[in-house]
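Each residue takes its place number in the sequence, starting with 1.
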Amino acid sequence: QNATILTVTQGTIENGSILIRNGKIARVGRRVRVPRGATVIDATGLYVIPGIIDAHSHIAGDGGLNEGSITVSAMVGIADVLDPDDINIYRDLAGGVTTANILHGSANPIGGQNAVIKLRWGKDAQGLLFEGAMPGIKFALGENPKRSRSVGRPGPRRYPNTRMGVMDVIRQAFIQAREYKAEWDSYQRLQAAGERLVPPRRDLQLDPLVEILEGKRLVHSHCYRADEILQLIRLAEEFGFRIATFQHVLEGYKVAKEIAAHGAGASTFSDWWAYKVEAYDAIPYNAAIMTKKGVVVSINSDSAEEARHLNQEAAKAMKWGGLSETEALKLVTLNPAIQLGIADQVGSIEVGK
């Protein structure tokens, strides 16, 4: 009761109340009747915002999250290595983060499957998983995948070694996935017609790529430069699927119209740059420019420390780009919820969420 409620979708309510019943929001407004026996929290002088959502995180993983030995590691999954005892879950909760997208690393053009989690401190690994979240997978473009096994790096050298090679790996993987899908489609069609057939050999590396082609799995792609962003958009449209989010996307402001036309989201940093060559053209106006060009934008952490103050990271877009308070708050609440396909459950303070 008596809180300033930043709903995100219905404006700001002064001296407002929120009634929560069985874990769901039942009522929001200035006049909310208190049910008999309810626990009442006096929030006079305090603010209530939706739980912060981090669209790019690497916390809560047991050991390395980079299966960098091969170029396509679509068969591996973060859900297999979730660590519910990672202290960063507790610390990020202290910063208001309630949901995080735990991503595979960026050593592979096509990496492993992600896991969207609720930061339920004290639950087991299975209890962290966000029920109903759209499955996804990590892609990576640019310096990281092309240099992961290049000269001077530990381990044997590995193709690709150029940006050309990165695109080739992704294209070849989808050519194989398309052929694999055609085999299964033919088998299922003939089986439905009554024929007795031996099913095709199951390929766990290609199954997630078929799900992408069928619109059942989201692609979250690490990227920096405008040219590689356009390359992946063209490749995705060649194979008939959509990139869900470009992650980091530090030159997104240069191609914001193209990102919006493709229907992709963008999850970026507020003001990190110059930590490697491909990050030199980053600017603090990136999030605001992409927002104004029609892209659904989020601010992510990519860091257990940064995640503890994502509200402040989002607020920088008010100074660098002139976003409103609500637009800035969306960057770490509703917009990442939309990007992850969970906006029906979280991201704003509304009845039913």
Side-chain angles (χ1 to χ4, degrees), residues 55 67 69-82 99 101-104 108-118 125-141 166-221 231-247 259 261-265 296 337-346 352:
E67 182 51 65
S69 59
I70 54 177
T71 54
V72 178
S73 61
M75 73 294 284
V76 306
I78 296 298
D80 291 329
V81 292
L82 284 176
T99 304
N101 183 27
I102 313 302
L103 287 164
H104 187 272
N108 325 73
I110 297 179
Q113 301 167 38
N114 69 317
V116 179
I117 66 170
K118 293 286 284 184
Q126 190 67 28
L128 294 179
L129 294 173
F130 194 121
E131 292 183 18
M134 189 84 168
I137 194 169
K138 175 76 173 287
F139 282 21
L141 310 177
V166 170
M167 284 298 148
D168 171 63
V169 166
I170 298 173
R171 177 173 284 106
Q172 185 61 41
F174 276 101
I175 289 172
Q176 293 173 342
R178 189 167 57 188
E179 293 171 350
Y180 175 69
K181 179 179 183 301
E183 287 181 23
W184 274 97
D185 288 347
S186 175
Y187 164 75
Q188 290 165 351
R189 184 172 58 254
L190 293 172
Q191 187 185 50
E195 292 194 34
R196 287 190 173 186
L197 301 167
V198 176
R201 184 184 297 273
R202 178 64 68 189
D203 190 323
L204 298 181
Q205 186 183 51
L206 294 178
D207 281 340
L209 305 188
V210 171
E211 290 174 343
I212 294 169
L213 294 173
E214 294 175 340
K216 298 175 181 177
R217 183 172 294 276
L218 303 178
V219 173
H220 304 291
S221 183
Q231 286 168 2
L232 189 57
I233 286 175
R234 287 196 294 266
L235 188 148
E237 292 178 353
E238 173 186 339
F239 286 92
F241 67 90
R242 181 176 60 84
I243 307 301
T245 65
F246 287 101
Q247 298 283 331
I259 294 172
H262 178 67
V296 175
I338 292 169
Q339 291 174 346
L340 298 175
I342 54 177
D344 61 326
Q345 300 184 63
V346 292

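The structure places CD of Q188 at 11.5 Å from CD of E183, a figure rounded to the nearest 0.5 Å. Taking CG from L206 and CZ from R178, the interatomic distance works out to 13.0 Å, rounded to the nearest 0.5 Å. Distance CD1/I78 to CD1/I117: 10.5 Å, rounded to 0.5 Å. With rounding to the nearest 0.5 Å, the separation of CG in L232 from NE2 in H262 is 7.0 Å. Atom-to-atom distance recorded for K181:NZ and L209:CG is 13.0 Å, nearest 0.5 angstrom. Atom CG of L235 sits about 8.0 Å away from atom CD1 of I243, to the nearest 0.5 Å.
In terms of heavy atoms, P208 sits closest to A74 at CG-O, 3.3 Å. Closest of all the heavy-atom pairs between P109 and T71 is CD-O, 3.2 Å. Scanning all heavy atoms of the two residues, the minimum distance from A79 to A115 falls at N-CB, 4.1 Å. Heavy atoms only, all atoms of each residue included: S221 and A140 are closest at OG-N, 4.3 Å.
Note on ring orientation: taking the six-membered ring where Trp is involved, the planes of F239 and F174 are tilted (angle from 30° to 60°).
Within a 6.0 Å radius of CZ in R201, no more than 12 heavy atoms belonging to other residues, nucleotides or ligands are found.
Using a 4.5 Å heavy-atom cutoff, the side chains of L340 and M134 are not in contact. L141 is listed as a side-chain neighbour of I170, based on a closest heavy-atom distance under 4.5 Å. Between S73 and M75 the shortest side-chain heavy-atom distance falls below 4.5 Å. Under the 4.5 Å side-chain criterion, counting only non-hydrogen atoms from C-beta, Q345 is in contact with F130. Looking at K118 and L128, their side chains never come closer than 4.5 Å, going by heavy atoms from C-beta outward. The shortest side-chain heavy-atom distance between I137 and L218 does not fall under the 4.5 Å cut-off. Residues V116 and T99 have side chains in contact (heavy-atom distance under 4.5 Å, counting atoms from C-beta outward).
Judged purely by distance below 3.5 Å, without hydrogens or angles, the side chains of Y187 and Q191 pair a donor atom with an acceptor atom. Checking E67 against H104 by side-chain atom types alone, no donor-acceptor pair falls below 3.5 Å.
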inquiry  = Show, in sequence, the C-alpha distance, side-chain angles and deciding distance for V169 and N108, and conclude whether the side-chain contact (heavy atoms from CB on, under 4.5 Å) test is met.
reply    = CA-CA 9 Å; V169 166; N108 325 73; over 6 Å; no
task = Go through the steps for R234 and E237 under the test side-chain contact (heavy atoms from CB on, under 4.5 Å), then give the verdict.
result = CA-CA 5 Å; R234 287 196 294 266; E237 292 178 353; 5.7 Å; no
request  = Check step by step if side-chain contact (heavy atoms from CB on, under 4.5 Å) holds for H220 and L103.
outcome  = CA-CA 9 Å; H220 304 291; L103 287 164; 4.1 Å; yes
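Using a distance-only test at 3.5 Å, with no hydrogens or angles considered, no donor-acceptor pair links the side chain of N114 to the main chain of N101. One N or O on the side chain of Q339 and one on the backbone of V296 form a donor-acceptor pair closer than 3.5 Å.
Remark: E238 engages R171 in a salt bridge, criterion side-chain N to carboxylate O under 4.0 Å. The pair R217-E211 meets the salt-bridge criterion, since a charged nitrogen lies less than 4.0 angstrom from a carboxylate oxygen.
The cationic atom of R189 (NZ for Lys, CZ for Arg) does not lie both less than 6.0 Å from the six-membered ring centre of W184 and within 45° of the ring axis.
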